[in-house]
Number of protein chains: 2
Amino acid sequence: MRKTIFIFAALVIALLSLFQLSKYSVLTGSTKIEIVIACIALLFFVIGVIINKRVLHRQKETSTVIDQQKIEELGLSKREYEVLCEIASGLSNKEIAQKLFVSESTIKTHVSNILVKLDAKRRTQAIQIAKELRIIIQ
Amino acid sequence: MRKTIFIFAALVIALLSLFQLSKYSVLTGSTKIEIVIACIALLFFVIGVIINKRVLHRQKETSTVIDQQKIEELGLSKREYEVLCEIASGLSNKEIAQKLFVSESTIKTHVSNILVKLDAKRRTQAIQIAKELRIIIQ
DNA sequence: ATACAATTCATACTTTAGTATGAGTGCTAA
DNA sequence: TTAGCACTCATACTAAAGTATGAATTGTAT
């Protein structure tokens, strides 16, 4: 936030300087007015694009970012969340077990708990619910 | 495309007119140069924002639209695609059967064919693959 | 120190998913 | 008209997924 304010302030100062510079350079006849106007136009066009990109980027981030708070609210443990992510990527219990170096029965226990906590009947439904709650990406 | 060219041409003409207008209004001393510059700056700022928004919007659209051609390439039939969508929404075979008014064994047949065509081992993997291929939404 | 939550694992079981095979129906293009 | 495709359904099977229960271990907070 401080960074934003600093950048904004620097930008305003730079623009005011530019105003003065362009004014005097035109009045003294050292620069053609078309060139000055063209430069200013280009500058503000670029500024508009950059600011717009930043704003949209921020919106996009907040809409795809995972809701960490919701995970806590649901009471999902760290390990359970890991398993949930692997389920969403399409792995079987056995594959998840191998990836996380535990037994398949452990994964089954985790999956059962995940289904209860997400109020889902199946793993496919759990994926859907997790997506809606913005708990997992996509 | 024609529309874009037309708008662009109109924009260029308008700007050239503006250039001439601002030049003479400054030379005749009827308008202060600060105001002219400010107007131009504001104008190009807005143009920058609008153009950027359009470009980004177009990118967003093409990234969320379903790839109808890919569905054909994979050889997925209309019914199979319906079943795929229901799978992705988290339904069981029995539930899909009830929703589409057919027997569960019919759905099983469809699911088997879908898995072969998508080169998936499980329905969860099929969901993942279908998403990557932009065949289904989300 | 102990109560608690998280993680791990096992067994035994039920349910769902997925495979393989065969077959009937209806539509459509050659 | 018939060959082919999409859709339907059934049976019989194997493989996963999911449930229930119990238990051991470990780190942590009171």
Side-chain angles (χ1 to χ4, degrees), chain A residues 66-133 135-136, chain B residues 66-133 135-136:
Chain A
I66 33 176
D67 194 342
Q68 208 71 34
Q69 201 191 329
K70 204 123 224 167
I71 297 173
E72 284 179 35
E73 282 175 24
L74 292 167
L76 278 176
S77 74
K78 202 194 295 179
R79 202 59 159 169
E80 283 164 356
Y81 180 71
E82 275 186 281
V83 173
L84 176 60
C85 292
E86 300 301 341
I87 289 173
S89 73
L91 299 185
S92 69
N93 288 340
K94 195 178 286 181
E95 287 169 338
I96 298 171
Q98 287 169 350
K99 193 166 182 181
L100 300 183
F101 303 108
V102 293
S103 78
E104 192 185 341
S105 67
T106 303
I107 301 301
K108 282 190 177 185
T109 307
H110 287 319
V111 172
S112 257
N113 292 331
I114 291 168
L115 295 182
V116 171
K117 288 174 182 178
L118 286 184
D119 194 27
K121 290 177 189 168
R122 285 162 296 282
R123 49 170 58 212
T124 48
Q125 200 182 359
I127 295 172
Q128 193 60 22
I129 292 171
K131 270 188 302 191
E132 281 171 12
L133 294 176
I135 282 177
I136 56 175
Chain B
I66 19 179
D67 194 342
Q68 208 72 33
Q69 200 191 329
K70 203 125 227 167
I71 298 174
E72 284 179 35
E73 282 176 23
L74 292 167
L76 279 176
S77 73
K78 201 194 297 178
R79 203 58 160 169
E80 283 164 356
Y81 180 71
E82 276 186 280
V83 173
L84 176 59
C85 293
E86 300 300 342
I87 289 174
S89 73
L91 299 185
S92 70
N93 289 339
K94 195 179 286 181
E95 287 169 338
I96 297 171
Q98 288 169 349
K99 193 167 181 181
L100 300 183
F101 304 106
V102 293
S103 79
E104 191 185 342
S105 68
T106 303
I107 301 300
K108 283 190 177 185
T109 308
H110 286 318
V111 172
S112 256
N113 292 331
I114 291 168
L115 294 183
V116 171
K117 289 175 182 177
L118 287 184
D119 193 29
K121 291 176 188 168
R122 285 164 294 282
R123 49 170 58 211
T124 49
Q125 200 183 357
I127 295 171
Q128 194 60 22
I129 292 171
K131 272 188 300 193
E132 279 171 13
L133 295 176
I135 282 177
I136 56 175

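Convention: sequence-line order gives letters A, B, ...; per-chain numbering from 1.
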Practice task
With side chain to side chain contact (heavy atoms under 4.5 Å, CB included) as the test, would you mind laying out the steps for Asp67(B) and Glu73(B) before giving the verdict?
Solution key: CA-CA 10 Å; Asp67(B) 194 342; Glu73(B) 282 176 23; over 6 Å; no
Handout entry: Smallest separation among heavy atoms of Leu118(A) and Ala130(A), with atom names
Key = CD1-CB, 4.4 Å
Handout entry: Smallest separation among heavy atoms of Ala88(B) and Ile136(B), with atom names
Key = CB-CD1, 3.7 Å
Handout entry: Ile87(A) vs Asn113(B), nearer the 5' end of DNA chain D by closest nucleotide
Key = Asn113(B)
Practice task
Tell me which of Val102(B) and Arg122(B) sits closer to the 5' end of DNA chain D, going by the nucleotide each one is nearest to.
Solution key: Val102(B)
Please give, in whole Å, the distance from [N] [atom2] to [X] [atom1]?
X	N	atom1	atom2	answer
Lys121(B)	dT19(C)	NZ	C1'	15 Å
Lys108(A)	dA17(C)	NZ	C1'	13 Å
Arg79(A)	dT26(D)	CZ	C1'	14 Å
Asp119(B)	dG18(C)	CG	P	15 Å
Gln125(B)	dA17(D)	CD	C1'	16 Å
Glu104(B)	dT19(C)	CD	P	14 Å
Lys78(A)	dT26(D)	NZ	C1'	13 Å
Ile107(A)	dA15(D)	CD1	P	21 Å

Problem - Short side-chain to backbone donor-acceptor contact, Lys117(B) and Gly75(B), under 3.5 Å - result: yes
Handout entry: Backbone N/O of Leu91(A) and side chain of Glu95(A): donor-acceptor pair under 3.5 Å
Key = no
Completion exercise
Between Val116(B) and Lys117(A), the residue closer to the 5' end of DNA chain C by nearest nucleotide is Lys117(A)
Considering only [options], which nucleotide approaches the side chain of [X] most closely?
X	options	answer
Arg123(B)	dG18(C), dT7(C), dC7(D)	dG18(C)
Ser103(A)	dA10(C), dC7(D), dT19(D)	dA10(C)
Thr109(B)	dA6(D), dA17(C), dT8(D)	dT8(D)
His110(A)	dT8(C), dA6(C), dG18(C)	dT8(C)

Completion exercise
What residues 88-96 of chain B contributes to the DNA chain C interface at heavy-atom separation below 4.0 Å is Ser92(B), Asn93(B), Lys94(B)
Exercise for the section: Would you indicate what Thr106(A) reaches in the nucleic acid, counting non-hydrogen atoms under 4.0 angstrom: base, sugar-phosphate, or nothing? Expected result: base
Exercise for the section: For Ser112(B), report the nucleic acid contact type (base, sugar-phosphate, nothing); a contact means any heavy atom under 4.0 Å. Expected result: base
Is there a side-chain contact between [X] and [Y] in this structure, where contact means two heavy atoms from C-beta onward sitting under 4.5 Å apart?
X	Y	answer
Ile127(B)	Lys131(B)	yes
Lys121(B)	Leu115(B)	no
Val83(A)	Glu86(A)	no

Practice task
State whether Ser105(B) places a side-chain N or O below 4.0 Å from either non-bridging phosphate oxygen (OP1 or OP2) of dT8(D).
Solution key: no
